[in-house]
Amino acid sequence: MARLKADVPFVHPDCEITDSQFGRYTEVGRGSRVAHSTLGDYSYCDRYADIANVEIGKFSNIASYVRIGATDHPMDKASLHHFHYRSADYFDGATHDEDWFAHRRSRRALIVHDTWIGHGAQIRPEVTIGHGAVVAGGAIVTKDVQPYIIVAGVPAVPLRRRFDTQIAERMMALAWWDWSHDRLRAALTDFRQLPAAAFLEKYE
């Protein structure tokens with residue numbers, strides 16, 4: 001019996017989920033926090049991921065201790081400290097600054113299909129990670145990552161292409177991530193055994 005289900009995400013213990021939506025066959029690793037985000041079909045995060053304000057596509061592989069959409073402190077004001085926007089925690093009769101929290105939630109990251117975000121990586125707000133891209137462990141991504149590019153470092157820079165441009169374009173046109181669950185199952189042996197070019201030749 002398959003462990004993951006189409007109708008309900010598999011959420012491990014000690015997770016904190018706020019205002020988020022989950023697609024089919026999704027999984028949230030132990031101790032993770034997911035807030036104001038969408039996790040697309042077949043995507044998962046491993047243990048202790050911290051994910052906020054992001055649209056995540058299908059088949060995204062998010063390793064442990066990844067942080068996506070880290071929130072900002074107001075650097076243009078007199079103080080960086082959150083006493084002036086989490087004010088109700090400090091002062092009787094004060095309220096939180098909801099405008100500031102709305103501003104934070106508006107700065108959304110986008111991670112599209114078939115991506116791999118390595119252990120301990122960080123994706124900053126308003127960054128897009130393209131189809132098939134790989135973010136190396138420990139990288140801090142401050143700029144958009146093009147499809148099928150591998151990035152690494154602090155700040156992250158392109159390391160190499162995962163596929164050449166022609167293969168990448170053909171893979172995006174094939175868009176296998178939109179296939180039905182049954183079609184994925186039927187092609188499982190080819191996903192396991194065929195190199196990308198041979199896979200394309202068979203299924204285009």
Side-chain angles (χ1 to χ4, degrees), residues 3-74 82 85-86 89 96-156 162 177-178:
R3 184 171 59 87
L4 302 180
K5 306 296 180 187
D7 56 346
V8 60
F10 190 107
V11 178
H12 289 259
D14 304 321
C15 293
E16 182 181 339
I17 311 294
T18 304
D19 182 32
S20 295
Q21 293 78 45
F22 299 90
R24 302 174 305 139
Y25 306 101
T26 51
E27 183 171 11
V28 181
R30 176 183 289 272
S32 293
R33 182 175 69 164
V34 183
H36 314 295
S37 296
T38 299
L39 197 67
D41 296 349
Y42 303 91
S43 291
Y44 69 89
C45 65
D46 203 345
R47 297 156 294 159
Y48 302 103
D50 191 341
I51 296 170
N53 310 318
V54 59
E55 303 290 332
I56 299 170
K58 302 174 185 178
F59 298 92
S60 189
N61 308 274
I62 300 172
S64 57
Y65 294 94
V66 164
R67 184 139 197 216
I68 301 172
T71 52
D72 297 318
H73 290 262
H82 60 195
Y85 53 92
R86 296 187 184 275
D89 295 341
H96 288 346
D97 184 350
E98 295 302 332
D99 289 343
W100 175 251
F101 290 110
H103 167 71
R104 278 181 166 179
R105 289 192 295 271
S106 74
R107 301 189 61 220
R108 300 184 70 77
L110 174 63
I111 298 173
V112 290
H113 310 309
D114 194 39
T115 52
W116 177 15
I117 314 300
H119 174 88
Q122 295 185 46
I123 311 297
R124 295 291 299 156
E126 299 182 307
V127 166
T128 295
I129 308 296
H131 296 296
V134 176
V135 175
I140 299 180
V141 184
T142 61
K143 297 180 180 179
D144 291 353
V145 177
Q146 296 303 307
Y148 293 96
I149 296 292
I150 301 170
V151 299
V154 180
R162 182 177 158 207
W177 39 78
D178 291 330

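Heavy-atom basis, side chains included; hydrogens, waters and symmetry copies ignored.
Here the CD atom belonging to E126 is positioned 7.0 Å from the OG atom belonging to S106, to the nearest 0.5 angstrom. Of the inter-residue distances, the one linking R67 atom CZ with Q122 atom CD reads 7.0 Å to the nearest 0.5 angstrom. Distance CD1/I62 to NE2/H119: 14.5 Å, rounded to 0.5 Å. Note that OG1 of T38 and CD1 of I111 are 12.0 Å apart. Values are rounded to the nearest 0.5 Å. Note that CD1 of I129 is 10.5 Å distant from CD1 of I56, once rounded to the nearest 0.5 Å. Here the OG-CD1 distance, from S64 to I117, works out to 13.0 Å after rounding to the nearest 0.5 Å.
Listed here is the closest heavy atom pair of V66 and G118: CG2-O, 3.2 Å. Closest approach of A136 to A121, counting heavy atoms only: O-CB, 3.8 Å. Nearest heavy atoms, H12 versus R30: CB-N, 3.4 Å. A139 and A156 get closest at one heavy-atom pair: CB-CB, 4.1 Å. Minimum heavy-atom separation, R162 to G132: NH1-O, 2.9 Å.
Side-chain atoms of T115 never come within 3.5 Å of backbone atoms of H113 as a donor-acceptor pair (strictly under, hydrogens ignored). Remark: side-chain polar atoms of S43 are paired, donor with acceptor, to backbone N or O of S60 under 3.5 angstrom. At distances below 3.5 Å, at least one donor-acceptor pair connects side-chain atoms of D41 with backbone N or O atoms of R24. Listed for the D50 side chain is no donor-acceptor partner under 3.5 Å among the backbone atoms of Y48. No donor-acceptor pair under 3.5 Å is formed between the side chain of R105 and the backbone N or O of H36. Side-chain atoms of S32 come within 3.5 Å of backbone atoms of D46 as a donor-acceptor pair (strictly under, hydrogens ignored). In this structure, S37 contributes its side chain and V54 its backbone to a donor-acceptor pair below 3.5 Å.
By the 4.5 Å heavy-atom criterion applied to side chains, C45 and V28 are counted as neighbours. Taking 4.5 Å as the limit, every side-chain heavy atom of T18 sits out of range of all side-chain heavy atoms of R33. Looking at P9 and L39, their side chains never come closer than 4.5 Å, going by heavy atoms from C-beta outward. Residues H82 and T71 have side chains not in contact (no heavy-atom distance under 4.5 Å, counting atoms from C-beta outward).
Sparse packing is recorded around NZ of K143, with 12 or fewer heavy atoms of other residues, nucleotides or ligands lying under 6.0 Å away. Surrounding CZ of R108 are more than 12 heavy atoms belonging to other residues, nucleotides or ligands, all under 6.0 Å away. Dense packing is recorded around CH2 of W177, with more than 12 heavy atoms of other residues, nucleotides or ligands lying under 6.0 Å away.
Y42 and Y25 have parallel rings, their planes meeting at less than 30° on a 0 to 90° scale where 60° marks the start of perpendicular. Between F101 and Y85, the ring planes lie perpendicular to each other; the angle is over 60°, past the 30° to 60° tilted range.
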| message | Using side-chain contact (heavy atoms from CB on, under 4.5 Å), reason through V11 and F22 one step at a time and then give a plain yes or no. | response | CA-CA 10 Å; V11 178; F22 299 90; 5.5 Å; no
| Test log, rule side-chain contact (heavy atoms from CB on, under 4.5 Å), inputs Y148 and H131 | CA-CA 6 Å; Y148 293 96; H131 296 296; 4.2 Å; yes
| message | What verdict does the side-chain contact (heavy atoms from CB on, under 4.5 Å) test give for K58 and D178, after you've listed the backbone C-alpha separation in whole Å, the side-chain angles of each residue and the deciding distance to 0.1 Å? | response | CA-CA 8 Å; K58 302 174 185 178; D178 291 330; 2.8 Å; yes
| task | Start with the C-alpha gap between Y44 and L4, add the side-chain angles, then the distance that decides, and say whether side-chain contact (heavy atoms from CB on, under 4.5 Å) holds. | result | CA-CA 11 Å; Y44 69 89; L4 302 180; over 6 Å; no
